[in-house]
There are 2 protein chains.
Amino acid sequence: MKQRILYIEDELILGQLVKDALEKHGFEVLKVINGSDGLAMFKKYRPHLCLFDIMLPGKDGYTVAEQVRAIDVHVPIIFLTAKVQATDLVQGFKAGCNDYVRKPFHMEELLLRVENWLAVKYGIETPQQNNYIIGIFAFDPHKQLLSGKERQIRLSHKETELLNVLCNYKNTIVSRDYILQKVWGSDSVYNSRTLDVYINRIRKYFKDDSHINLITLKGIGYRFIC
Amino acid sequence: MKQRILYIEDELILGQLVKDALEKHGFEVLKVINGSDGLAMFKKYRPHLCLFDIMLPGKDGYTVAEQVRAIDVHVPIIFLTAKVQATDLVQGFKAGCNDYVRKPFHMEELLLRVENWLAVKYGIETPQQNNYIIGIFAFDPHKQLLSGKERQIRLSHKETELLNVLCNYKNTIVSRDYILQKVWGSDSVYNSRTLDVYINRIRKYFKDDSHINLITLKGIGYRFIC
DNA sequence: GTAAAGAAACCTTAAATAACGTTAATGAAA
DNA sequence: TTTCATTAACGTTATTTAAGGTTTCTTTAC
């Protein structure tokens, strides 16, 4: 499967050049020319990497990045910038998983950084933190086990997958769409209540521990506090 | 515990400058002036991050990096280089988890990239719990809870976001437009009364405490006094 | 300057819509 | 035949929209 890159750029000629180069390298490029469209595309297509020009009409690249981060804390974001002041860079680096490339840039450098981040995030097996501590529970996604103080719960596959995603995004926001993508694989399930049923089960498992909370952010997603 | 950085640099003056800057930022810096010593230090001290000059007497930075990678596939390696040819960069990026900074560089940029990689690899520290005291209430935006003397109110997401903005700007002025941007995200809602409805709710929550006031500045915004 | 009229801007309540929760039943797979 | 995943049906809550009222600011005539 091709890796998707969301590219926001308002300069037409540069935009086409970069898009062509990325596509030549086997990426699927979603190119838009403003921040609002970019955010909408992100929500819809969940790209593997974001490439944002900073100077944009309307919302600037940083603002879009913040809103993307609210949905996904892990996706790499690379900024394209003419700015050189270090103070500006702070903003770009703030959320981690970010990088920037200074304009004018060599296409090769951009491609290398793109590939580098994709390798870091998706290539080299993520340091499979195989066990999670959730309050007084221990969660082993591999064995599909949730071990409490007394009892030990054998989770089903979907329960495990869901809890795994929640743990990956614990204490921050994870969107409904992202969960559906990760656990059920985009196309299906989108108009059913399946996810809710599983959310309900996860909540039941943790209902005795008041420190663990799975909060609904209506229209956005969930926050798993633990 | 301080995070350790292994730094290989043969230029004495630059080396000292960078070392000082890193130490000033709270890092423990292991500085050596050639590749062989660098590799030995790596094995012995297992630093959290490597900072390698490329042009070195004897073994160059790339070679050291390859040998380090053979020992540890995950440790971030940042190259300092005067080279600008893209072909050279390929080598630097090959192993993933690598970055490079072009000489001459701003110290701020270097520090930002160092911190960025440490964050990516060793965990983005959990978002600090920003709790607010509002009169006799305690407000926890993370848990979406407003705790009064007797009762505890579970706030909705939008209520939480709004109150959060108000708290950030307590006792000063915050404009309507800013709130709409932060909570609803510019594009929508601008001609609706949604915000007013939520302002109304916030007021109701605090109506018993006469010390807390949410004042309207018509045409400007609000002032949250508490 | 001041009062009245007009226009914005905001408040309040209720109703409508959308999004999510819950339980049980169904169907598929092991 | 037991477990798991999905669907159905209905319940609940959050958010937005609608509609009419109130307040504040501005304009204009005196």
Side-chain angles (χ1 to χ4, degrees), chain A residues 43-44 71 141 143-146 152-166 173-207 212-224, chain B residues 141 143-146 151-166 173-207 212-224:
Chain A
K43 285 179 184 162
K44 197 165 176 193
I71 301 167
K143 290 182 179 167
Q144 306 199 165
L145 270 177
L146 183 63
Q152 206 175 40
I153 306 161
R154 291 179 41 185
L155 299 177
S156 82
H157 181 240
K158 293 287 181 198
E159 288 172 341
T160 306
E161 295 273 291
L162 173 56
L163 187 53
N164 199 31
V165 172
L166 292 175
I173 297 169
V174 56
S175 76
R176 245 184 108 89
D177 284 356
Y178 182 79
I179 295 173
L180 287 168
Q181 273 255 9
K182 275 279 180 190
V183 181
W184 281 272
S186 67
D187 327 294
S188 63
V189 197
Y190 263 68
N191 279 336
S192 89
R193 302 252 63 78
T194 307
L195 171 54
D196 306 83
V197 172
Y198 277 87
I199 288 284
N200 188 16
R201 293 205 194 139
I202 298 292
R203 282 190 174 131
K204 275 179 182 160
Y205 291 143
F206 294 113
K207 74 173 188 303
I212 301 169
N213 262 299
L214 183 46
I215 292 175
T216 304
L217 312 176
K218 202 169 264 204
I220 297 173
Y222 296 92
R223 178 189 283 135
F224 188 45
Chain B
K143 289 186 177 168
Q144 306 198 159
L145 271 177
L146 183 63
R151 68 209 176 114
Q152 207 176 38
I153 306 163
R154 291 177 41 179
L155 300 177
S156 83
H157 180 236
K158 294 284 182 205
E159 289 171 343
T160 306
E161 294 275 290
L162 172 56
L163 186 53
N164 199 32
V165 172
L166 293 175
I173 298 168
V174 56
S175 76
R176 246 184 108 89
D177 282 356
Y178 181 81
I179 295 173
L180 286 168
Q181 268 263 6
K182 275 283 177 188
V183 180
W184 280 272
S186 65
D187 325 298
S188 60
V189 197
Y190 262 68
N191 280 336
S192 90
R193 301 252 63 80
T194 307
L195 171 54
D196 306 83
V197 173
Y198 277 85
I199 288 284
N200 186 20
R201 290 205 195 140
I202 298 292
R203 282 189 174 131
K204 275 179 182 161
Y205 291 141
F206 295 113
K207 73 175 188 303
I212 302 168
N213 263 299
L214 182 46
I215 293 173
T216 304
L217 308 173
K218 199 167 267 205
I220 298 171
Y222 296 92
R223 179 186 283 135
F224 188 44

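Proteins come first, then strands; the chains are lettered A, B, ... in the order of their sequence lines, and each starts at number 1.
Rounded to an integer number of Å, the gap from B/L180 CG to C/dA9 P is 13 Å. In this structure, the NE2 atom of B/H157 is 17 Å from the C1' atom of C/dA18, given to the nearest Å. Whole-Å rounding puts the B/R154 CZ to D/dT12 P distance at 15 Å. Between A/I202 atom CD1 and C/dC20 atom C1' there is a gap of 17 Å when expressed in whole angstrom units. Counting to the nearest Å, the C1' atom of C/dT13 and the CG atom of B/D196 are 13 Å from each other. Here the P atom of nucleotide C/dA9 and the CG atom of B/D177 are 11 Å apart, to the nearest Å. Between B/Q144 atom CD and D/dT13 atom P the separation is 16 Å, expressed in whole Å. One atom, CG of B/L195, and another, P of C/dC11, lie 8 Å apart when rounded to the nearest Å.
Residue A/W184 places at least one side-chain N or O closer than 4.0 Å to OP1 or OP2 of D/dT6. In this model, the phosphate group of C/dG21 is approached by a side-chain N or O of A/T216 to a distance below 4.0 Å at OP1 or OP2. Between D/dT6 and A/S192, no contact under 4.0 Å exists linking OP1 or OP2 to a side-chain N or O. For the pair B/Y198 and C/dT12, the criterion of a side-chain N or O lying under 4.0 Å from OP1 or OP2 is not met.
Within the 4.5 Å cutoff, no side-chain heavy atoms of B/Q144 are placed close to those of B/R154. Between A/I215 and A/F224, the closest side-chain pair of non-hydrogen atoms is not below 4.5 Å. Using a 4.5 Å heavy-atom cutoff, the side chains of B/L166 and B/L214 are in contact.
Side-chain proximity of A/R203 to the nucleotides C/dT22, D/dA5, D/dT16 is greatest for C/dT22. Ranking C/dG21, C/dT23, C/dT13 by closeness to the A/V197 side chain, first place goes to C/dT23. Looking at the side chain of B/S156, the nearest of the listed nucleotides D/dT17, C/dC20, D/dA14 is D/dA14. Residue A/N200 has its side chain nearest to C/dT23 when only C/dT23, C/dG21, D/dT16 are considered.
The 5' end of DNA chain C is approached more closely, in terms of each residue's nearest nucleotide, by B/R176 than by the other of B/K204 and B/R176.
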Stepwise side chain to side chain contact (heavy atoms under 4.5 Å, CB included) test for B/I199 and B/Y222: CA-CA 10 Å; B/I199 288 284; B/Y222 296 92; 3.9 Å; yes
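When heavy atoms are screened at a 4.0 angstrom cut-off, A/R201 is found touching base atoms of the nucleic acid.
Panel note: side chain B/E161, backbone B/K158; no donor-acceptor pair is recorded below 3.5 Å.
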Between N or O atoms, less than 3.5 Å apart, protein on one side and nucleotides 20-24 of chain D on the other: list the pairs.
from   : atom 1 : to     : atom 2 : distance (Å)
D/dT23 : O2     : B/K218 : NZ     : 2.4
D/dT24 : O4'    : B/K218 : NZ     : 3.4

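Checked for salt-bridge contact, B/R176 and B/D196 meet the test: a charged N lies under 4.0 Å from a carboxylate O.
Taking the six-membered ring where tryptophan is involved, the planes of B/Y198 and B/W184 are perpendicular, since the angle between them exceeds 60° and thus also 30°.
Side chains of B/R203 and B/T216: a donor-acceptor N/O pair is present below 3.5 angstrom, by distance only.
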